[in-house]
Every structure is written in C-alpha cells, then in structure tokens.
Amino acid sequence: MSISTKYNPKEIEQKWYDSWMQRGFFRSTPNPKKEPYTIVIPPPNVTGVLHMGHMLNNTIQDVLIRRARMQGKEACWVPGTDHASIATEAKVVAMLKERGINKSDLTREEFLKYAWEWKEKYGGIILEQLKKLGASCDWDRTRFTMEEDMSAAVIEVFVDLYRKGQIYRGVRMVNWDPQGRTALSDEEVIPKDTMAKMYHLQYEVVLEDASGEKTYITVATSRPETIMADVAVAVNPNDERYTHLHGKSVRIPLLGKEVPIILDEYVAIDFGTGALKVTPAHDLNDYELGQKHKLQVIDILNDDGTLNEMAQLYVGQDRFAARRNIVKDLQEAGLLAKIEEYKSVLQTSERTGAVIEPRLSMQWWCKMDKMAKPALEAVMEDNIKLHPPKFKNMYRSWMENVHDWCISRQLWWGQRIPAFYLPDGSHVVATTAEKALELARKESGNEQLQLSDLRQDEDVLDTWFSSWLWPISVFDGFKDPDNKDILYYYPTNDLVTAPEILFFWVARMIMAGFEFRNELPFRNVYLTGIVRDTQGRKMSKQLGNSPDPLDLIEQYGADGVRAGMLFSSPAGNDLLFDEKLIEQGRNFSNKIWNAFRLIKGWEVDESLLCPNETAIKWFESRFNEAFVQIEDHFSKFRISDALLSVYKLVWDDFCSNYLEMIKPAYQQPIDRQTIDTTVSFLEKVLKVLHPFMPFLTEEIWHDLKQRKEKEYLIVASWPKVEQFDKGLIEKMDRVLNVVGAVRNVRNSKNIANNKALDLAIKATSGADYEQFLGIIRKLANIEEVSFVEDSLDGAISFVEGGDEFFIPMEGNIDVAAERERLQKELEYTKGFLVSVDKKLSNERFVSGAPEAVITNERKKKADAEAKIHAIEQSLAAL
RNA sequence: GGGGUGUUAGCUCAGCUGGUUCAGAGCACCUGCCUUACAAGCAGGGGGUCACUGGUUCGAAUCCAGUACGCCCCA
C-alpha cells in the first residue's frame with residue numbers, strides 16, 4: 001500500500017464538504033427529543049469578501065457547532081448576510097459611475113433596481129468562501145437582512161416603537177459631504193493631518209459708555225467664514241483675563257451684530273486666546289454649548305457648501321472662496337490680529353475627498369434609556385456571560401451613559417422609513433402607505449386626503465436597525481411569533497463576534513430580545529480579538545498587509561489554517577497573525593496523517609500475544625486526563641487552550657510516546673489486541689480533533705475502516721468524561737524521565753541512537769519498574785536492564801525520582817568531567833534542600849499554610865535528601 | 001480629559017482560586033541525526049530580576065497602591 005508521506009488537503013476537502021451537504025448533516029429541524037444548540041452568524045456585509053477576521057470568527061463558531069453536534073445536540077448554525085447600506089450603496093454608485101451613470105440622474109426606484117441587480121450578481125460571495133473554510137452552517141436557512149420578511153419585521157418594529165413613544169425626530173450634527181450632498185457615517189470620514197491656519201479676530205466689546213476708547217477681545221478660529229453664524233463668545237469663568245467682561249456683549253466683526261459673552265468651564269484657558277466663538281450650527285461642541293446656554297442656531301450653509309441668505313455677507317459664494325474674501329476684508333478693517341499656522345486634522349470624505357462640514361440635520365432617533373436597563377442587568381448578573389469577562393466593565397460604562405440611537409441614514413439602499421408627511425408638514429407612521437392614509441385622514445380630520453398628498457420620508461434605516469433583530473427575525477419571530485422554530489431555537493446559545501461591535505450590535509440585540517420577546521437572545525458572547533499583522537497593525541486593503549484567506553487555504557489546507565488561527569487566539573486578545581502559525585497548523589495536519597499511515601501500514605499476526613498492556617492502560621488514562629482538561633477549557637470558552645491540549649495529546653502523548661511504545665520492530669507484524677485498541681484510540685483522538693480540523697479527520701475516519709452509510713465522524717459521538725488512573729500516569733512520567741535522561745546521556749556523549757546501551761537500576765525508592773522495562777528498553781534503546789544493589793564503577797550515572805541509574809561505559813569515561821557534573825548537581829540539590837528546610841522550620845508557615853502544601857514541602861524535602869544521598873553514592877563510586 | 005486594559009524567554013502569548021501544572025508553550029536559536037510513519041520530521045540543549053517602586057502575607061508573576069510605557073473605547 002502506498003499512501004503519500006505528505007497530507008494533501010486539496011484532494012479531499014471539497015469531497016467531504018459535498019458529502020456532508022449531500023447527507024444533510026448541517027441541516028437542523030426542531031427535535032423535542034434533543035437539546036437545541038443554536039448559533040446565529042454575525043451577518044457579514046453582503047458585499048464583503050472573506051478576510052482574516054471572518055476566518056477567525058467563523059472558525060470558532062464552527063468549532064462550537066461541530067462539538068455540539070457530536071455531543072448529540074440539535075445543532076443549528078444560521079448563516080446570512082446584512083445589506084450594509086452604506087458600503088453597498090457606495091459600491092453600486094461606483095458601478096454606475098463606471099457605466100457612466102450618475103446616481104443623481106436616477107430615481108429611487110431605478111437606483112434600487114441596479115442595487116438589487118448588483119446584490120444578486122456579487123452579493124454573498126462571502127458565504128461561498130465560508131464553505132471552503134468548512135463552515136457547517138444550515139445553508140437552507142440562509143437569510144438576508146433586506147429580504148421581504150426581514151424588512152417587514154424592521155418596519156413593524158419601527159412602527160411599534162414609534163407608537164410606544166420610543167422613536168422621535170430630532171436635530172443632529174452629521175458629517176456632511178457638500179460635494180456628494182449626503183451625510184456620512186463616522187467610518188466614511190478620513191482624517192488627514194494638515195497644516196491649518198488659525199485666524200485671530202478682534203471682536204469689539206460693547207460698552208455702555210460709547211464715548212470711551214474701543215476695546216476688543218481676540219478670538220481664534222480656523223474657519224473665519226463662519227463668524228456670521230456666531231451666537232456668542234465663550235470664556236472660562238476662571239480666566240482672570242476676562243473677568244471684567246463678564247455679562248458684556250461683543251460685536252461680530254464686519255457684521256456688527258451683538259452677541260453675548262457667556263461663561264463656561266468647557267473653554268480651555270490655554271488654547272488659542274482662551275476666548276471661543278460659539279457657532280452651534282457648524283460645530284458639534286458649539287452645538288452642545290449652545291443647547292446648554294439656550295442659544296439660537298444659525299445655519300449659514302447650503303447643501304453644496306455655499307453660503308446662504310442667513311450669512312448676509314458673501315451669499316452664494318463657496319465656503320473656501322468666502323474664507324479668502326472675509327480674511328481680506330477683515331484685514332482691511334483692521335480686525336485681523338494675526339494668522340498662526342498649526343497642525344490640525346482635516347476631516348475629508350472617503351468618497352469625494354471633499355472637506356467635511358459638520359452640519360445640523362433632522363434625523364430619526366430611538367430612545368435607549370428604558371431598553372438599556374434590562375440589557376445592562378442581564379450582563380451584570382451574568383445571565384448573559386461575556387467571554388472574557390473583562391468586557392463587562394466596558395459594557396457597563398457604555399450602557400450607563402447610553403445615548404439615543406440615530407437610526408436614519410440619507411441613503412436609498414435599506415428599509416425606507418415608514419413615516420409619511422402630510423401637506424401641512426405633520427407626519428404619520430404606519431407600515432404601509434394605505435394605512436398611513438387612513439391614519440392621516442383620521443388625525444387631520446381631512447377625509448379628502450389622497451395617497452398622492454402623502455410624501456414618504458426619503459431616508460432609510462440604519463443597518464443595525466435590521467441586525468439588532470437578527471436572532472429573532474432569522475426564525476421569523478416577528479412574522480409568526482409562535483412558530484415552532486423560534487420556540488425551539490430561541491434563545492440561542494452562543495454568539496461569537498468582535499468587541500468593536502459590542503455596543504452597536506450585541507447590546508442592541510439584547511435590548512431587542514427583551515423588548516420583543518421578553519427574553520435574552522443568547523447566553524454567551526465570545527469576543528474575539530482583531531487580527532493584526534506581525535507589526536501589530538490592523539489588516540487593511542490600503543496597507544496590503546492582509547493575506548488572502550483563500551490563498552492560505554489553497555496553500556496550507558483549511559484544517560491547517562483553522563488550527564493555525566486558533567493557536568494564538570485567546571478570547572478577546574488581538575492576534576498578531578504570522579504565516580508561521582498556519583505553517584504549524586499544516587505541520588500538525590501532517591503529523592496526524594503520518595500517525596494514521598503508520599497504523600494503517602501494520603500487518604496483523606493473530607497468533608501474537610499482546611505485549612503492550614501497560615502502554616495501552618497508560619494512554620487510556622492519559623487520554624481521559626487530557627479530555628477532562630479539554631472539556632474544562634471548552635466550558636470556559638478557552639478555545640485556544642482546548643486546541644493546545646488536543647495538540648499536545650496527539651503529538652506528544654499519542655505519537656511520540658504511545659505509538660513508539662507499541663510500534664513493532666521494522667517489518668514485524670503486530671498483535672490483534674494492540675492494533676484494535678490503537679485504532680480505537682485513534683478514533684477517539686480524531687473525535688476531539690474533528691471540531692478543529694474537520695476535513696483531515698473525516699478523511700482518516702473513512703480510510704481507517706469501512707463505514708456504514710451514515711457513519712460519519714461529523715456525527716460520531718463525542719467522548720464522555722471517564723475515570724483515569726492518576727497513579728499510572730505519574731509512574732509513566734517518571735519512566736519517561738528516565739528515558740529522557742538516557743537520551744540526554746546519548747546526546748552529550750555523542751552516542752548514536754542506534755547503538756544499544758545497557759542500564760542498571762539501583763532502586764531504593766520503592767518504585768516499581770518491572771512493568772515498564774519493555775517501554776524503557778524500546779524508547780531508550782536499551783539492550784539489557786539489570787537491578788543492582790551497589791553503585792556501578794565506570795558508568796555514567798544519573799538520579800531520577802530518588803533512584804540511581806547507571807549506564808556502563810566500558811571504561812570510556814571522563815572521570816573528572818563526570819565528577820564535576822555530579823558535584824554541580826549535588827550543590828544545586830543541597831541549595832534546594834536548604835530553601836525547603838527554611839520554609840519548614842518557619843513556624844508561621846507550618847501553622848498558617850494548608851495541610852496539603854506542607855505535605856508537599858515535606859515530600860520535596862524527602863526527595864531532595866534521597867537525591868543527595870544517591871549523588872553522593874555515585875560520586876564515591878567514580 | 002474620563003473609563004477600560006495590558007507590560008512574563010529574541011518574537012507571539014499561556015499561567016484560571018496566592019503555595020508542584022510555577023516560572024510554561026509555540027516559533028526562532030544551538031548540537032546531533034535522511035534511525036523505513038512523519039526533515040512539514042526525530043533526539044537533546046541554552047535562554048527569564050515575571051516593566052519599575054512600595055505594601056499586604058508565613059509565602060506574590062498572581063492581591064493592593066503608585067510610577068513609566070503601550071493599546072482600546074468614549075469625549
């Protein structure tokens with residue numbers, strides 16, 4: 001038989017994925033006989049392509065869902081995408097531009113037609129990519145946040161909350177792109193470091209006594225053209241320079257309009273001149289200051305960045321032209337004290353490059369305070385657990401200072417806000433235009449109103465306003481609140497997502513859960529870190545520092561990539577991605593593959609007796625010991641630790657130790673009992689490996705034996721925690737230490753591995769080596785083992801567990817070097833003994849420390865004493 | 001500015017309830033091996049003042065306070 005020495009993932013991954021799909025292993029339907037285990041995917045952006053963050057996130061989800069499936073739960077992982085209004089709309093606009101079409105030339109309906117066309121063509125690529133990763137989602141349940149039912153839920157929720165008084169209209173400062181004539185989200189604004197100018201302007205102080213000499217207050221600003229929108233000048237009440245001006249007014253330069261001097265500690269005394277012009281319509285901080293002091297708001301800008309009538313001066317000019325002109329005029333009027341250069345951050349539009357204007361506009365808001373309360377409690381009381389828990393603090397501080405949620409977006413791609421304006425400017429809210437008309441007639445008392453009299457709001461809802469309903473709406477919990485899916489699967493179990501959206505998304509899902517189903521949406525939230533490059537930078541397209549995940553899968557295999565990602569990804573910590581990790585994952589695949597090859601290659605001789613009882617008992621115990629640990633890691637969402645435990649179990653215990661113990665000599669057959677047991681061990685190992693490395697393990701599972709039609713590893717039963725012989729494991733540890741010591745002697749004395757040595761044991765500790773002799777001989781390549789009463793002359797010796805071991809060297813021994821080595825070890829051990837003695841003679845230690853600790857110290861003391869005695873014997877024998 | 005969080009081997013990180021899982025893993029490094037499962041491997045080895053300073057304690061990488069530096073979130 002010839003099996004490649006290298007595991008070749010390419011040949012088998014697609015085969016098994018298809019096979020799983022065909023047999024419906026990913027599919028889930030409510031089964032009252034089984035415990036449900038549900039995960040809803042954090043819906044990726046429908047326009048997105050798989051990046052490293054998705055890989056990490058979805059690998060973790062797949063590990064969880066595969067393990068649950070094997071545990072016999074009804075595992076359901078619901079996939080889908082969200083419509084990502086801003087990102088998608090930007091892509092559609094870009095596509096149209098390539099075709100020479102301007103969005104502004106299209107009607108809303110025309111644009112949406114293009115958008116859907118685009119979505120059908122390019123959308124959801126990411127879901128296909130997830131399949132390459134091995135994601136075992138129930139694809140029949142794939143949802144999209146803008147599909148009909150999901151959208152209906154969104155509209156229904158909007159209307160419901162509006163009726164409850166939870167949704168209102170209000171003014172908000174937005175990032176305005178005057179070129180694109182649209183509001184932008186913070187994510188679409190690119191800050192650029194630039195040198196800006198700070199203009200120091202003279203505001204004349206209004207004095208009762210007009211005859212006196214004019215006095216001025218100097219105000220620094222980077223945007224002098226906005227002075228026409230000024231409504232006050234603010235100074236810090238503690239700023240002694242301005243104490244004499246408290247309660248006075250000033251005149252806006254050029255305009256001559258009087259505005260008050262107001263006092264507020266917000267003003268930084270040491271920045272600029274310590275006097276701040278207050279322009280609520282064009283600066284967020286000024287807006288808040290204005291609100292606080294109940295000041296007027298004067299908006300002097302048009303949509304396109306030109307000045308409007310309110311400005312009185314420079315009307316119709318672009319803001320930058322106006323700035324040039326006003327600077328010139330101020331200079332001429334002698335009101336410009338000086339111009340300073342300073343480093344500043346300019347906000348620019350990602351899409352048009354235009355300088356962003358902070359601008360006030362009317363938006364829709366969702367109140368948060370009431371809904372935040374139960375959502376905060378649920379997390380604080382651990383009804384919903386965050387992993388790692390350190391995020392509780394962050395969550396709390398956010399939820400305790402929660403701001404109302406701005407839910408409208410000036411876009412077309414998304415659910416259109418179901419608010420309808422009447423000719424008189426008032427509005428009604430209803431799920432359909434017809435219902436709105438009915439309502440409008442009733443509320444206005446005007447029965448003559450027609451559909452054509454109503455004008456629907458132009459804006460759409462924030463995408464998060466769809467996705468906060470996700471865990472409910474994927475099971476049609478709005479359309480049909482008592483359907484059997486939602487009753488069975490909801491609340492879901494675990495959510496895996498990034499801490500960046502803990503507030504945007506997770507918190508709001510919790511709110512929605514309580515608001516609409518009176519129940520939390522999930523029990524555990526596993527927060528992954530951010531995948532960064534080796535220099536700690538975020539991965540981004542601009543930097544080009546992100547590898548293409550599909551290339552990695554192609555190169556290293558999906559299993560290798562999955563394992564590699566998880567090797568270094570403790571929950572909540574960023575992962576510095578290094579291809580070396582993936583390489584390690586691939587190497588691990590290969591290691592398992594070769595263990596399989598070894599076992600598969602053995603011929604069985606039925607007449608042989610089993611010589612490996614100890615090894616078999618030991619590995620059985622060792623497996624169970626490791627498995628307990630693995631389960632413990634899983635229960636605490638330490639996925640990375642769980643994998644590492646599996647890794648060590650497979651590589652160190654199974655391959656390096658167990659297989660070496662039982663391996664027959666070259667071309668010798670193996671006995672029936674050993675091979676059968678070993679195959680069952682490998683099967684158990686494959687099971688715990690499967691969630692991490694599904695393809696490779698399924699392949700070996702089938703190569704190992706002929707399987708029945710539905711006898712797949714993906715649905716094989718997860719091992720159960722069993723008792724194990726701790727004593728045997730400890731004994732074997734000691735034996736393996738002896739083996740290690742022999743190997744060390746070989747290495748340091750340059751003795752080839754294939755040269756067999758003899759070993760004499762002077763056992764005084766009472767340890768039983770008898771049943772391990774075969775193992776010692778095999779692993780350390782020992783020809784003859786003997787037990788002796790006295791130390792051996794002319795031998796290299798070492799001490800392990802209080803017993804002395806001798807390797808006869810036929811006189812070829814460097815006595816001086818040996819003496820030195822032993823002397824050194826003796827001194828170290830004596831020093832160790834002193835420290836232990838010190839502890840034990842400390843009365844406060846003996847009386848204060850728990851019994852177990854003291855017993856341990858006593859044992860340490862005894863061991864050290866035995867070792868010292870043994871070394872002294874060896875020294876004497878030299 | 002407010003809050004959070006971190007600093008452990010050359011690098012990336014574990015270390016959970018203070019004490020034998022206590023100083024650990026992987027990578028990198030050094031030495032020797034193509035020993036018929038695996039060089040994507042095997043055997044062995046070196047490497048740390050647990051950021052710093054105090055405190056609590058019989059005992060601190062671990063708990064507390066302060067300092068320095070880093071990162072994250074909010075403004």
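Every chain is numbered from 1 and lettered A, B, ... according to where its sequence line falls, protein lines coming before strand lines. In this text the structure is predicted, and so the values were computed from the model without any measurement.
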Exercise. At their closest point, which heavy atom of A/Leu360 faces which heavy atom of A/Pro280, and how far apart are they?
Worked result: CD1-O, 3.8 Å
Exercise. C1' atom, B/rC16 versus B/rC11: distance in rounded Å?
Worked result: 25 Å
Seminar exercise, completed: Taking for A/His633 and for A/Ser397 the nucleotide of RNA chain B with the nearest heavy atom, the one nearer the 5' end belongs to A/Ser397
Protein and nucleotides 23-27 of chain B: nitrogen or oxygen contacts under 3.5 angstrom:
unit_1, atom_1, unit_2, atom_2, d
B/rG26, O2', A/Gln584, OE1, 2.5
B/rG26, O2', A/Gln584, NE2, 3.0

For this session: Can you tell me, in whole Å, how much space there is between the P of B/rG46 and that of B/rG10?
Result: 15 Å
For this session: Locate the shortest heavy-atom distance separating A/Phe798 from A/Val745; write the atom from each residue and the value.
Result: CD2-CG2, 4.2 Å
Exercise. Reading nucleotides 35-49 of chain B from the 5' end, what letters show protein touch, with B for base, S for backbone sugar-phosphate only, - for no heavy atom under 4.0 Å?
Worked result: BBBB-BSSBSS----
For this session: Return the orientation label for the A/Phe504 and A/Trp464 ring planes: parallel under 30°, perpendicular over 60°, tilted otherwise.
Result: parallel
Exercise. Can you list the residues that meet the side-chain hydrogen bond (donor to acceptor under 3.5 Å, both in side chains) rule with A/Trp701, with sequence neighbours excluded?
Worked result: none
Seminar exercise, completed: Per the 3.5 Å Watson-Crick/G-U criterion and a run length of at least three, the stems involving RNA chain B are B:1-7 with B:68-74, B:10-13 with B:24-27, B:29-33 with B:41-45, B:51-55 with B:63-67
Would you tabulate the pairs of protein nitrogen or oxygen atoms and nucleotide nitrogen or oxygen atoms of nucleotides 72-75 of chain B closer than 3.5 angstrom?
none

Problem set entry | Gap in Å between the two C1' atoms, one belonging to B/rU36 and one to B/rU20, rounded | 41 Å
Problem set entry | Rounded distance (Å) that lies between atom P of B/rC71 and atom NZ of A/Lys390 | 15 Å
Exercise. B/rG47 and B/rC27: how far apart are their C1' atoms, nearest whole angstrom?
Worked result: 14 Å
Exercise. Which nucleotide, B/rC16, B/rA14, B/rU5, lies nearest any side-chain atom of A/Asn393?
Worked result: B/rU5
For this session: Please state how far atom CG in A/Asn236 lies from atom P in B/rG1, giving the value in whole angstrom units.
Result: 16 Å
Exercise. Does atom CD of A/Glu400 have more than 12 heavy-atom neighbours, drawn from other residues, nucleotides or ligands, at distances under 6.0 Å?
Worked result: yes
Problem set entry | B/rU21 and B/rG3, which share atom name C1', separated by this distance in whole Å | 36 Å
Exercise. According to the interplanar angle, ranging from 0 to 90°, do the rings of A/Tyr658 and A/Phe654 count as parallel (below 30°), tilted (30 to 60°) or perpendicular (above 60°)?
Worked result: parallel
Exercise. Which whole number of Å gives the distance between the P atom of B/rU62 and that of B/rU56?
Worked result: 15 Å
For this session: Would you kindly say whether A/Thr528 and A/Asn57 are connected by a side-chain donor-acceptor distance under 3.5 Å?
Result: no
Exercise. Does the side chain of A/Trp405 come under 3.5 Å of the side chain of A/Asp462 through a donor N or O and an acceptor N or O?
Worked result: yes
For this session: Keeping to residues at least two apart or across chains, list the side chain to side chain donor-acceptor pair (under 3.5 Å) pairs with something in residues 737-758 of chain A.
Result: none
Problem set entry | C1' gap between B/rA14 and B/rA9, integer Å | 13 Å
Exercise. For atom NZ of A/Lys778, is the number of surrounding heavy atoms from other residues, nucleotides or ligands below 6.0 Å larger than 12?
Worked result: yes
For this session: Quickly work out the A/Arg638 CZ to B/rU21 C1' distance and round it to whole Å.
Result: 13 Å
Exercise. What pair of heavy atoms forms the shortest contact from A/Met693 to A/Ser589, and how long is it?
Worked result: CE-OG, 3.4 Å
Seminar exercise, completed: Between A/Lys6 and A/Ser4 the two heavy atoms that sit nearest each other are O-OG, 2.7 Å
For this session: Remember a base hit wins even if backbone is also touched, and classify A/Asn781 as base, sugar-phosphate or nothing at under 4.0 Å, heavy atoms.
Result: nothing
Exercise. Which whole-number value in Å describes the distance from A/Glu400 CD to B/rG4 P?
Worked result: 12 Å
For this session: Quick one: sort the A/Phe627 and A/Phe623 rings into parallel, tilted or perpendicular, breaks at 30° and 60°.
Result: parallel
Exercise. Under 6.0 Å between ring centres, would you say that holds for A/Trp398 and A/Tyr395?
Worked result: no
Exercise. Among side-chain atoms of A/Glu579 and A/Tyr556, is any donor-acceptor pair under 3.5 angstrom?
Worked result: yes
Exercise. C1' atom, B/rG19 versus B/rU57: distance in rounded Å?
Worked result: 12 Å
